[in-house]
Amino acid sequence: IRMILIGPPGAGKGTQAPKLKERFSCCHLATGDMLRSQVAKKTPLGREAKKIMDQGGLVSDDIMIGMIKEELNNNKECLGGFILDGFPRTVPQAEGLDAMLRERNKNLHHAVELQIDDSLLVERITGRLVHPASGRSYHRTFNPPKEAMKDDVTGEPLIQRSDDNAEALQKRLAVYHQQTSPVVHYYQKTGIWKGLDASQEPGQVWKNMLQIVEAGQ
Ligand code: AP5
Ligand code: ZN
């Protein structure tokens, strides 16, 4: 399968993508997770990216397109297809992805938009807890870990993302509406776009996701 997930911060991209990965035996490429791993390693890119991410801005298109290209070329899991989470989030990134696929004679199957009202996102974002190494996310109220502040799988500590505060969220939402909404229109013109109600509980969102994806196979 080759698909992308588009949606505002907190829509549930990172919650649904690992399930899709499992179901379809493909790779899950989350550009935010990839950047956070650079930040953790304190690479030059990580140092630059941290400043941008903490303010809710976007890292440059060239860097992001290069990152995805590198993964699609070298990540063996991507041989079975891919779920892109957080990319493309600008029109130039969408064009970059199209060019990459064209070179490989491949097409995209689904561009799924997780639709949700901004007002529901504050609580989701400020209550989120993440396991940095795997990218797994939890929520203090909606999806609590089995043991407080510990990852269910590894038992390692959970943290709060440094951009998960109300102030950075407002900026991320503004950037989403300005720069990423045009990506939705870009795919609406292609016929592979599908909208999904992302305000329902995660299990219901997953059911509807499968329906969309399997109907279009
Ligand atoms: P990124 O990591 O992609 O952040 P984001 O787009 O803001 O999205 P989130 O991860 O916040 O939301 P999500 O949809 O994954 O939500 P989740 O499933 O975790 O990017 C971070 C930064 O990196 C960007 O701001 C930018 O600076 C940079 N960047 C990344 N990609 C880039 C690119 N391509 N170009 C340029 N810059 C880039 O869910 C959120 C919470 O809600 C969790 O606690 C979860 O448990 C809970 N939850 C999920 N679903 C439900 C539900 N149905 N009901 C109730 N609670 C739910
Ligand atoms: Zn995410």
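In each ligand, atom 1 is the first atom listed, and ligand 1 is the first ligand listed. Heavy-atom basis, side chains included; hydrogens, waters and symmetry copies ignored. As the structure is a prediction and not an experimental result, all values here were calculated from the model.
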Counting both backbone and side chain atoms, is some N or O of D33 under 3.5 Å from an N or O of ligand 1?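 No; the residue has no nitrogen or oxygen that sits under 3.5 Å from a nitrogen or oxygen of the ligand.
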Does an N or O from L58, backbone or side chain, lie closer than 3.5 Å to an N or O of ligand 1? no
Please check: side-chain N/O of [X] versus main-chain N/O of [Y], any donor-acceptor pairing under 3.5 Å?
{"X": "K69", "Y": "M100", "result": "no"}
{"X": "N165", "Y": "A168", "result": "yes"}
{"X": "E201", "Y": "G203", "result": "yes"}
{"X": "N143", "Y": "H139", "result": "no"}
{"X": "R172", "Y": "P9", "result": "no"}

Among [options], whose heavy atom sits nearest [atom]?
{"atom": "atom 10 (O) of ligand 1", "options": "K13, E201, R161", "answer": "R161"}
{"atom": "atom 50 (N) of ligand 1", "options": "R124, M53, K50, M67", "answer": "R124"}
{"atom": "atom 27 (O) of ligand 1", "options": "P18, P88, G7, G57", "answer": "G57"}

List the closest protein heavy-atom neighbour of [atom]: residue, atom name, distance to the nearest 0.1 Å.
{"atom": "atom 45 (C) of ligand 1", "result": "T15 OG1, 3.8 Å"}
{"atom": "atom 56 (N) of ligand 1", "result": "F142 CD1, 3.4 Å"}
{"atom": "atom 31 (N) of ligand 1", "result": "T31 OG1, 2.8 Å"}
{"atom": "atom 35 (N) of ligand 1", "result": "Q93 NE2, 2.9 Å"}
{"atom": "atom 32 (C) of ligand 1", "result": "R89 CD, 3.2 Å"}
{"atom": "atom 37 (N) of ligand 1", "result": "V59 N, 3.1 Å"}
{"atom": "atom 29 (N) of ligand 1", "result": "L35 CD1, 3.5 Å"}
{"atom": "atom 12 (O) of ligand 1", "result": "G10 N, 2.8 Å"}

I need the atoms of ligand 1 closer than 4.0 Å to a non-hydrogen atom of [X], numbered in the order shown.
{"X": "Y138", "value": "43 (C), 44 (O), 46 (O)"}
{"X": "R36", "value": "2 (O), 21 (C)"}
{"X": "G14", "value": "13 (P), 15 (O), 18 (O)"}

Looking only at heavy atoms of [X], does any of them come nearer than 4.0 Å to an atom of ligand 1?
{"X": "I125", "value": "yes"}
{"X": "P202", "value": "yes"}
{"X": "Q200", "value": "yes"}
{"X": "Q16", "value": "no"}
{"X": "G127", "value": "no"}

Is there less than 2.5 Å between the SG of C78 and that of C27?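 A disulfide, yes.
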Just checking, any donor-acceptor pair under 3.5 angstrom between side chains of T90 and Q179?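 Note: T90 and Q179 side chains miss the donor-acceptor criterion.
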Considering non-hydrogen atoms only, spot the tightest contact between S137 and R128 and give its length.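 Heavy atoms only, the tightest pair is CB-CD, 3.9 Å.
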Shortest non-hydrogen contact from D163 to M53? CB-O, 3.5 Å
M67 and side-chain contact (heavy atoms from CB on, under 4.5 Å): which partner among D62, L29, L45, L72? L45
Which is it for F82 and N75 under the side chain to side chain contact (heavy atoms under 4.5 Å, CB included) test, yes or no, and what are the steps along the way? CA-CA 10 Å; F82 56 74; N75 183 336; over 6 Å; no
side-chain hydrogen bond (donor to acceptor under 3.5 Å, both in side chains), that's the test. Do D118 and H177 meet it? Break it down for me. CA-CA 10 Å; D118 284 4; H177 293 299; 2.9 Å; yes
Is there a side chain to side chain contact (heavy atoms under 4.5 Å, CB included) between V130 and R36 once you walk through the steps? CA-CA 12 Å; V130 296; R36 279 183 288 278; over 6 Å; no
Please work out whether any backbone atom (N, CA, C, O) or any side-chain heavy atom from C-beta onward of R128 is under 4.0 Å from ligand 1, and answer side chain, backbone, both or neither. both
